[in-house]
Amino acid sequence: MTDALYRSDPLPAPRRRRLTTSDGVLLDSALIRGGADRTTAVVLANGFTGTWRSPGTRMIAERLLPIGDVMTFDFRGHHESSGLCTVGNLEVHDLEAVCAHLRGLGYTAIASIGFSMGAAVAVRHAAMFGGVGAVVAVSGPSMWYYRGSRRMRLLHFGVERPAGRWFLRVARRVRVIDSQWDPVPPDPTQTAPDLAAPLLVVHGDADTYFPVEHAERLYAAAPEPKELWIEPGMGHAERAMTPERVERVARWLSRSMTADEGGA
């Protein structure tokens, strides 16, 4: 593996898959293969309202292909996946369904990279289920119910009020539960100490959803090995990921994952 990770050839067409979670939700997913007989895969977990079809997610997948095949998916309640979005709670079962599917296909080294809500899910999933060789949390929260920024107050309005849920359903194709969590799941910092995989925390100092303190708390709660990148001028989640940032993450993954040399 060299520092020259960028592929100049066209992104292969994604192979659509319908996966079923342990609680019966159907997920719309897409596997992008970068070569034959690979044993390494990276799973992309989008942020709230995100989709594997978005240009940002496709760019990220393209820049990760040199280190492994990439599987992207839509969380429950998003676009063509069934069920209702629980905003980071039951979504751990979605990520586990994707990882289990990849293991069934013969992938022996799997990493997860999550953005915003997906970052919280990736951390909680790795701590609860294991089975991943590395975790990247980009622009993730350290706690639930954070309302310290204007954008998070708007997001809470969207998921807690009927008018907000109607807007999300009609304008963003996202269907959200209309009830409170009961019980409230452990937040990312409460589960981070149970991680058994290397963790990379990436956060922008221009994030308008979560200030950098969230990244610092998550990093402090996790065991070694871990790294924290506070990115100057970076905003929030997938849209803030430049090709250069993704390539740096890819290099970190290539160093951190335990994989067959021939599969990477």
Side-chain angles (χ1 to χ4, degrees), residues 21 23 25 27 44-52 54 56-57 73-79 81-95 113-125 127-128 137-192 201-221 230-231 234-241:
T21 68
D23 56 348
V25 174
L27 302 178
L44 266 59
N46 281 303
F48 181 62
T49 76
T51 173
W52 65 263
S54 72
T57 299
F73 67 100
D74 289 347
F75 278 117
R76 61 183 62 207
H78 284 62
H79 301 267
S81 292
S82 71
L84 297 174
C85 175
T86 66
V87 202
N89 181 11
L90 298 181
E91 282 76 10
V92 292
H93 300 294
D94 302 353
L95 185 48
I113 172 170
F115 301 86
S116 193
M117 182 188 81
V121 173
V123 171
R124 292 184 60 234
H125 167 267
M128 293 169 62
V138 182
S139 305
S142 64
M143 65 184 75
W144 305 135
Y145 304 113
Y146 176 73
R147 290 178 169 84
S149 66
R150 177 178 176 274
R151 288 187 179 270
M152 284 306 297
R153 289 191 290 273
L154 287 172
L155 187 147
H156 279 279
F157 176 86
V159 301
E160 293 173 356
R161 305 289 183 86
R165 291 192 295 271
W166 175 85
F167 173 82
L168 289 168
R169 185 175 66 254
V170 173
R172 304 302 296 270
R173 298 187 63 194
V174 176
R175 304 167 304 280
V176 183
I177 55 169
D178 61 0
S179 58
Q180 296 289 324
W181 288 337
D182 185 20
V184 176
D187 68 33
T189 57
Q190 291 173 304
T191 54
V201 180
V202 181
H203 212 94
D205 65 4
D207 192 311
T208 55
Y209 287 81
F210 305 113
V212 295
E213 288 82 1
H214 285 264
E216 292 166 347
R217 292 188 192 108
L218 179 59
Y219 173 78
I230 302 299
E231 297 289 293
M234 175 180 165
H236 186 70
E238 298 97 320
R239 291 184 179 181
M241 292 297 287

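For the single chain, residues carry numbers from 1 onward in sequence order. Keep in mind that the numbers below use all heavy atoms, side chains included, and drop hydrogens, waters and symmetry copies.
- Residues R124 and T191 bring no donor and acceptor atom of their side chains to less than 3.5 Å of each other.
- The aromatic ring centroids of H203 and Y219 lie 6.0 Å or more from each other.
- Relative ring orientation between F75 and H78 is described as perpendicular, the plane-to-plane angle rising above 60° on a 0-90° scale split at 30° and 60°.
- When the shell of 6.0 Å around CZ of R147 is examined, it contains more than 12 heavy atoms from other residues, nucleotides or ligands.
- Here the shortest heavy-atom pairing between D205 and V212 reads CA-CG1, 3.8 Å.
- In this structure, M143 and R217 have side chains that are in contact, with non-hydrogen atoms separated by less than 4.5 Å.
- Contact annotation: the side chain of V25 never approaches that of H93 to less than 4.5 Å [non-hydrogen atoms, C-beta and beyond].
- Using a 4.5 Å cut-off on side-chain heavy atoms (C-beta onward), S116 and F48 make no contact.
- Although no hydrogens or angles enter the test, the distance criterion places no donor-acceptor pair under 3.5 Å between the side chain of Q190 and the main chain of P188.
- Distance alone, capped at 3.5 Å, is enough to place a donor-acceptor pair between the E91 side chain and the T86 backbone.
- Taking 4.5 Å as the limit, every side-chain heavy atom of V87 sits out of range of all side-chain heavy atoms of W144.
- Summarising the geometry, atom CG belonging to L84 is positioned 10.0 Å from atom CG belonging to L90; distances are rounded to the nearest 0.5 Å.
- In this structure, a donor-acceptor pair under 3.5 Å is present between the side chains of D74 and T51.
- V202 is listed as a side-chain neighbour of M234, based on a closest heavy-atom distance under 4.5 Å.
- L155 CG to R150 CZ: the interatomic distance, rounded to the nearest 0.5 Å, is 12.5 Å.
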Checking side chain to side chain contact (heavy atoms under 4.5 Å, CB included) for the pair E238/S139: CA distance, chi angles, key distance, verdict? CA-CA 9 Å; E238 298 97 320; S139 305; over 6 Å; no
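- For W166, the CH2 atom counts as loosely surrounded, since its 6.0 Å shell holds 12 or fewer non-hydrogen atoms of other residues, nucleotides or ligands.
- Residue A119 comes nearest to G140 through the heavy atom pair CB-CA, 3.7 Å, listed as atom of the first residue, atom of the second, then distance.
- Looking only at side-chain heavy atoms (C-beta outward), P211 and Y146 come within less than 4.5 Å of each other.
- Residues F157 and F167 have side chains not in contact (no heavy-atom distance under 4.5 Å, counting atoms from C-beta outward).
- Side chain of R175 to backbone of C85: no donor-acceptor contact under 3.5 angstrom is found.
- The neighbour count for R153 CZ, taken as heavy atoms of other residues, nucleotides or ligands under 6.0 Å away, is above 12.
- A distance of 3.5 Å separates OG1 of T57 from CG of N46, quoted to the nearest 0.5 Å.
- Residues S142 and F210 have side chains not in contact (no heavy-atom distance under 4.5 Å, counting atoms from C-beta outward).
- Scanning both residues, M152 and Y209, for their nearest heavy atoms gives CG-O, 3.4 Å.
- Checked by atom type, the side-chain pair T49/R172 shows a donor-acceptor distance below 3.5 Å.
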